[in-house]
Amino acid sequence: MVFLFRDKSIINIVFLVLLSLLVHLHGFTAPITVVANNQDGWFAYLLNQYLKEGVYTAGFFIYISVVLLQSIRLNFLLAEQKMFPNSGYTVAMSYVLLTGLLPQWAAISPALIANFLLIWIYIKITRLYNHPAPKTLLFNIGLLVSLTILCYHPTAILIVVVLFALGIMRPFKLQEWFTLLMGIALPFYFLASWLYLTDELNRIGQFLPKMELTVPVQQLSNPEIAGLSVIVLVLLAGFFSWQQFNSRLVIQMRKNWAALLVMCFILTAAPFIFNNAGLNAAVLCLVPFTAFVSASFSYPKRLLFPNFLFFVLIGVIMYNNWYLVKF
């Protein structure tokens, strides 16, 4: 089945739509719901205020549309950067498959919407290398990170990501680091100023992330155990495939991969350090995870192992579909 997505053809979009419907087959019988806590930022407030009521009729269509848009955008981005030897649709395929591995990810959540901004931030990061006007770009990255945090508070961990990414992409220059931090701080400065002028400065805590070391799930269910186990399996396979070819890439591509690797490790911590984030916040990991998982589908010349991984993923996804419909 993997060979269908290795070709760069418009018909692969149709295959991708069919795959997304298969992966989220439960949506035809069980409604796709909105899972959002108003304390998590503006995205949560907007979802609860304007989408939660009508989601039972259009939730499945909205969810599938969001997943497809993100998967195709990420696919085009990595293909444009020539991160893989062939420009197919294995990145989009991997993204769609990963969304079906955990029951918590089968919902419209602020974390899922925040992935649009996360992809945008990654695009900006990859342009840092040899950029003619790095200070302007860094300031824009800082602004974008800050606005993303206001929209979904657990993305505050992106501050660590962009700091590491700056260290990877460019030689150390104090002015550039200061410019990035200024961009991050500026929206919060204006927000605090507005609250002060309106005599509502006591509300500033509502706009700031609440950090607390916690376990995202007290007791894992069988679908969660199966999904997390397969995520680890395909990630290890992806890391192995990427490691074999990484040394052959040009410096800029290696730096792009290094930025993704940093995102992998740092974003994984989000469900553990933010209050009530849960496994829903782990949706943020989909963007970097997808890049490495798709390496196990794109790099091997023989399709035996990629097809094995594909059907293992489909097997766990079908089990999750059965669980979501039954329970």
Side-chain angles (χ1 to χ4, degrees), residues 27 31-70 73 99 102-122 140-162 183-212 214 216-217 267 269-287:
I32 300 289
T33 58
V34 170
V35 179
N37 184 345
N38 280 339
Q39 297 179 351
D40 282 343
W42 292 338
F43 279 161
Y45 173 79
L46 292 173
L47 288 174
N48 285 329
Q49 189 76 11
Y50 299 105
L51 191 61
K52 197 164 188 176
E53 296 298 325
V55 76
Y56 290 100
T57 54
F60 184 49
F61 172 77
I62 294 171
Y63 177 79
I64 292 294
S65 299
V66 169
V67 169
L68 285 173
L69 284 172
Q70 291 177 352
R73 181 68 188 97
T99 58
L102 289 176
Q104 289 87 345
W105 294 355
I108 301 171
S109 65
L112 181 66
I113 306 301
N115 274 351
F116 282 113
L117 296 175
L118 184 57
I119 294 171
W120 192 8
I121 290 169
Y122 175 69
N140 291 338
I141 290 173
L143 286 177
L144 187 54
V145 168
S146 189
L147 291 174
T148 304
I149 295 169
L150 289 171
C151 289
Y152 182 54
H153 293 166
T155 55
I157 203 167
L158 286 174
I159 295 175
V160 183
V161 171
V162 295
I184 294 171
L186 192 62
F188 289 101
Y189 171 78
F190 283 128
L191 175 62
S193 301
W194 173 257
L195 292 175
Y196 176 77
L197 292 173
T198 56
D199 199 24
E200 294 181 324
L201 192 58
N202 60 323
R203 294 180 54 217
I204 189 67
Q206 299 177 14
F207 302 94
L208 299 176
K210 296 175 178 59
M211 301 184 70
E212 179 185 351
T214 183
V217 179
L267 291 178
F272 297 93
I273 62 175
F274 290 100
N275 188 29
N276 297 323
L279 286 178
N280 291 309
V283 174
L284 297 171
C285 300
L286 283 178
V287 174

Peer 1: Give the intermediate values and the outcome of side chain to side chain contact (heavy atoms under 4.5 Å, CB included) for residues L117 and F43.
Peer 2: CA-CA 12 Å; L117 296 175; F43 279 161; 3.8 Å; yes

Peer 1: Which heavy atom of S109 sits nearest to which heavy atom of L47, and what is that distance?
Peer 2: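 Taking every non-hydrogen atom into account, C-CD1, 3.7 Å.
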
Peer 1: Using the test side chain to side chain donor-acceptor pair (under 3.5 Å), find all partners of N140 that sit at least two apart in sequence or belong to another chain.
Peer 2: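 For N140 there are no side chain to side chain donor-acceptor pair (under 3.5 Å) partners, ignoring immediate neighbours.
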
Peer 1: Do you know which two heavy atoms are closest between A277 and A270, and how far apart they sit?
Peer 2: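 Closest heavy-atom pair between A277 and A270: CB-O, 4.1 Å.
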
Peer 1: Can you tell me how far the CD1 atom of I157 sits from the CD1 atom of I273, to the nearest 0.5 Å?
Peer 2: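 Here the interatomic distance stands at 3.5 Å.
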
Peer 1: Would you give the length of the straight line joining atom CD of Q206 to atom NE2 of H153, rounded to the nearest 0.5 angstrom?
Peer 2: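 Those atoms lie 9.0 Å apart.
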
Peer 1: Quick one: side-chain contact (heavy atoms from CB on, under 4.5 Å) partners of L208, sequence neighbours excluded?
Peer 2: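 L208 satisfies side-chain contact (heavy atoms from CB on, under 4.5 Å) with F188, I204 only.
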
Peer 1: Just wondering, do L51 and L46 contact through their side chains at under 4.5 Å, heavy atoms?
Peer 2: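 Of all side-chain heavy-atom pairs linking L51 with L46, none is under 4.5 Å.
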
Peer 1: Drop me the distance from L150's CG to W42's CH2, to the nearest 0.5 angstrom.
Peer 2: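 If we round to the nearest 0.5 Å, L150:CG and W42:CH2 are 4.5 Å apart.
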
Peer 1: Is T148 close to W120 at the side-chain level, that is, under 4.5 Å between some pair of heavy atoms?
Peer 2: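 No, every pair of side-chain atoms sits at 4.5 Å or beyond.
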
Peer 1: Go through the structure and list residues passing side-chain contact (heavy atoms from CB on, under 4.5 Å) with N115, not counting sequence neighbours.
Peer 2: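 If we apply the side-chain contact (heavy atoms from CB on, under 4.5 Å) test to N115, skipping adjacent residues, the hits are Q70, Y95, L118, V283, L284, L286, V287.
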
Peer 1: Taking ring pair (Phe, Tyr, Trp, His ring centres under 6.0 Å) as the definition, give me every residue that meets it alongside F274, ordered by chain and number, with sequence neighbours left out.
Peer 2: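 F274 satisfies ring pair (Phe, Tyr, Trp, His ring centres under 6.0 Å) with no other residue.
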
Peer 1: Identify, with sequence neighbours excluded, every residue that meets side-chain contact (heavy atoms from CB on, under 4.5 Å) alongside N275.
Peer 2: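 With neighbours one apart ignored, the set is K210, E212.
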
Peer 1: State, to 0.1 Å, how close I184 and S146 come at their nearest heavy-atom pair, and which atoms those are.
Peer 2: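 What the structure gives for the nearest pair is O-OG, 2.9 Å.
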
Peer 1: With side chains defined as the heavy atoms from C-beta onward, is the minimum distance between F60 and P31 less than 4.5 Å?
Peer 2: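 The answer is no, as the side chains (C-beta and beyond) never meet within the 4.5 Å cut-off.
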
Peer 1: Distance check, rounded to the nearest 0.5 Å: Q104 atom CD versus N280 atom CG?
Peer 2: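 Rounded to the nearest 0.5 Å, the CD-CG separation comes out at 6.0 Å.
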
Peer 1: Which heavy-atom pair separates T155 from A114 by the least distance, and what is that distance?
Peer 2: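 Scanning both residues completely, I find the closest heavy atoms to be CG2-CB, 4.3 Å.
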
Peer 1: Near Q39 CD, under 6.0 Å, is it more than 12 heavy atoms from other residues, nucleotides or ligands?
Peer 2: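 It does not: Q39 CD has 12 such atoms or fewer within range.
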
Peer 1: Within this structure, what is the CG-CG distance for the pair L279 and L102, rounded to the nearest 0.5 Å?
Peer 2: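 Answer rounded to 0.5 Å: 6.0 Å.
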
Peer 1: Any heavy-atom pair between the side chains of V66 and L112 that's under 4.5 Å?
Peer 2: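 Counting from C-beta outward, L112 and V66 do come under 4.5 Å.
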
Peer 1: Any salt bridge (Lys or Arg N to Asp or Glu O under 4.0 Å) pairs touching residues 190-201, not counting sequence neighbours?
Peer 2: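 Every salt bridge (Lys or Arg N to Asp or Glu O under 4.0 Å) pair that includes a residue of residues 190-201, provided the two are not neighbours, is E200-R203.
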
Peer 1: By the definition side chain to side chain contact (heavy atoms under 4.5 Å, CB included), identify the one residue from I149, L144, L143, V145 that meets it with P187.
Peer 2: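 That would be L143; it is the only one of I149, L144, L143, V145 passing the side chain to side chain contact (heavy atoms under 4.5 Å, CB included) with P187.
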
